[in-house]
Amino acid sequence: MMMMGREGGGHVVPVDPGTVVGGLKKKGAGARSWLLMDASGLETVLDVDKYEIMHRVQIHARDLRIIDPLLSYPSAILGRERAIVLNLEHIKAIITSEEVLLRDPSDDNVTPVVEELRRRLKPMNANREDQREEKDSNVQHDIETTDEDESPFEFRALEVALEAICSYLAARTLELETAVYPALDMLTSKISSRNLDRVRKLKSQMTRLTARVQKVRDELEQLLDDDDDMADLYLSRKLAGASPVSGSGAASWFLASPTIGSKISRASRASIATVRGDENDVEELEMLLEAYFMQIDGTFNKLTTLREYIDNTEDYINIQLDNHRNQLIQLELFLSSGTVCSSIYSLIAGIFGMNIPYSWNDEHGYMFKWVVAISGIICAVLFILIISYARFKGLVGS
């Protein structure tokens, strides 16, 4: 099993055999790359199969399938007894009270999340050093840092994931806006097959992006509406109230964790600081989720506005096309009327052009001029009458 570790500034550290179950086994066919990052600043790259992950974080196989990149599961934030299962687009992670397991850390979209986790989830001793350095120069910054350290580990990790996914979706929305508005303006100025195809592709992208944003928004809204679901995400509170010897399963999980002593003490402090003794108090998590819900809701509103703009443009294009069709119908009416009148004129000419002797043709050469003139006048008057009747009925514009 290939494992690498680094702490803080990137120094290579030996891997604790107790942190990985079955460390001497060969990597199975279902092994995946995971990045493990804990509150002590230790980073470890694990190539393990799903059974070792399930045993380490005490989750079921159905929970692990939710974050399988080969399966298309919608975005979800699930609170379990000892872990938070996180599936937010490309961010697929398992958060415990002291560890973050991030799937496929080498992915280009996941790399910024890893960097942000390294910055946010700093070792506690490094935070204390930063506080001492900043204490003399900036007291306000020291107070904010102290308040940030009091937040439970799982909330800080969850905040990084939510901030990353909200920023990612907002960036995709901005890119789409930048491409859609010029395309719609170009289509409005000139209706062509090329412009129509371009807008069609952009509309398909917007529909898919809207569905992704709405799923994340609905997931956060569902959490905010249910206090029990939010309470399930308080892993530190549950860890502080649990007994290591309450059962064989719990005892084995505690023994498998190398930092259990710091877990209990730090979780107890976080529980006291954030909960103040009330197990049903979810105010801290509610404020955290509400902040990112407002951000994702703003992105969703932008996409809704963009869809309305596209729909308005489509209505305008349809009105233009209807107007063009009406103009073609009017032109067809004029041509049909002219054809009818010309047919009457041709009928008269055909009658007088037949090879039949007429007595009134003798010494009456002026009759040809009269026939031609009267026939032309009759056809013109008939054409005017047809057009006047069409305008009276509102078939053509005045």
Side-chain angles (χ1 to χ4, degrees), residues 1-7 13 15-23 25 27-28 30-71 73 75-107 109-121 123 152-162 164-165 232-233 235-236 238-239 252-254 256-260 262-263 267:
M1 182 177 302
M2 181 179 63
M3 305 184 67
M4 299 185 303
R6 70 178 166 188
E7 182 173 9
V13 297
V15 178
D16 188 354
T19 59
V20 180
V21 179
K25 294 180 181 179
K27 182 172 69 173
R32 294 287 180 179
S33 177
W34 294 81
L35 175 66
L36 186 148
M37 188 178 301
D38 58 19
S40 64
L42 178 65
E43 295 181 23
T44 309
V45 176
L46 306 176
D47 287 332
V48 295
D49 57 19
K50 61 181 181 180
Y51 299 103
E52 298 182 50
I53 295 296
M54 289 164 52
H55 182 79
R56 182 182 185 90
V57 297
Q58 295 294 304
I59 62 174
H60 297 287
R62 62 177 178 269
D63 297 327
L64 201 59
R65 282 196 296 270
I66 294 176
I67 57 177
D68 192 338
L70 301 179
L71 302 177
Y73 278 92
S75 298
I77 302 175
L78 304 178
R80 294 298 181 251
E81 182 63 26
R82 302 192 183 277
I84 299 174
V85 181
L86 201 65
N87 178 27
L88 297 175
E89 297 289 330
H90 52 274
I91 304 176
K92 303 180 184 297
I94 301 174
I95 303 174
T96 67
S97 59
E98 284 289 330
E99 294 177 346
V100 177
L101 283 166
L102 192 63
R103 193 155 203 170
D104 297 332
S106 59
D107 187 85
N109 293 325
V110 182
T111 302
V113 183
V114 176
E115 296 296 331
E116 187 65 15
L117 281 172
R118 289 172 183 165
R119 190 181 70 85
R120 295 281 188 91
L121 308 181
F153 176 85
E154 64 270 18
F155 288 177
R156 287 183 285 154
L158 180 62
E159 183 178 6
V160 171
L162 291 176
I165 195 62
D232 288 338
L233 302 183
L235 303 180
S236 298
K238 291 188 289 186
L239 180 64
S252 63
W253 183 84
F254 276 100
S257 179
T259 57
I260 187 59
S262 61
K263 279 186 181 183

- Message: Nearest 0.5 angstrom please: D104 CG to W34 CH2, how far?
- Response: 8.5 Å

- Task: State which residue, out of T96, V85, I95, fulfils the side chain to side chain contact (heavy atoms under 4.5 Å, CB included) condition with V57.
- Result: T96

- Quick one: list whatever passes salt bridge (charged side-chain N to carboxylate O under 4.0 Å, His left out) with E81, sequence neighbours left out. none

- Task: Would you please test E154 and L233 for side-chain contact (heavy atoms from CB on, under 4.5 Å) and show each step?
- Result: CA-CA 8 Å; E154 64 270 18; L233 302 183; over 6 Å; no

- Query: Is any side-chain heavy atom of I67 less than 4.5 Å from a side-chain heavy atom of L86?
  - Reply: no

- Query: What distance separates L42 CG from E98 CD, expressed to the nearest 0.5 Å?
  - Reply: 12.0 Å

- Can you name the nearest heavy-atom pair linking I94 to A83, along with the distance? CG2-CB, 3.9 Å

- Item | Partners meeting salt bridge (charged side-chain N to carboxylate O under 4.0 Å, His left out) with D63 (sequence neighbours left out) | R80

- Below 4.5 Å, heavy atoms only, C-beta onward: do P152 and S97 meet side chain to side chain? no

- salt bridge (charged side-chain N to carboxylate O under 4.0 Å, His left out) with E89: which residues, sequence neighbours excluded? R212

- Message: Tell me whether R156 is salt-bridged to E159, with the criterion being a basic N under 4.0 Å from an acidic carboxylate O.
- Response: no

- Message: Checking the side chain of K238 only, and the main-chain atoms of R82 only, is there a donor and an acceptor separated by less than 3.5 Å?
- Response: no

- Closest heavy-atom contact between S33 and D47? CA-OD1, 3.4 Å

- Message: To the nearest 0.5 Å, what is the distance between NE2 on H60 and CG on L78?
- Response: 12.0 Å

- Task: Would you check if I77 and L162 make a side-chain contact, meaning some heavy-atom pair closer than 4.5 Å?
- Result: yes

- How far does CG of D38 sit from CD of E43, to the nearest 0.5 angstrom? 9.0 Å

- Can you tell if the side chain of L102 reaches within under 4.5 Å of the side chain of I91, non-hydrogen atoms only? yes

- State, with a plain yes or no, whether a side-chain heavy atom of R65 is found less than 4.5 Å away from one of R62. yes

- Worked verdict on E52 versus H55 for side-chain contact (heavy atoms from CB on, under 4.5 Å): CA-CA 5 Å; E52 298 182 50; H55 182 79; 5.8 Å; no

- Message: Can you confirm whether Y73 is buried at OH, in the sense that more than 12 heavy atoms of other residues, nucleotides or ligands lie under 6.0 Å from that atom?
- Response: yes

- For the residue pair P105 and T111, what are the closest heavy atoms and their distance? O-OG1, 3.8 Å

- Query: Looking at CG of L46 and CG of L35, how far apart are the two atoms once the value is rounded to the nearest 0.5 Å?
  - Reply: 8.0 Å

- Distance-minimising heavy-atom pair for V100 and A157: CG2-CB, 3.5 Å

- Grab the two heavy atoms, one from L64 and one from M54, that are nearest each other, plus how far apart they are. CD2-CG, 3.9 Å

- N87 side chain near S75 side chain, heavy-atom distance below 4.5 Å: no

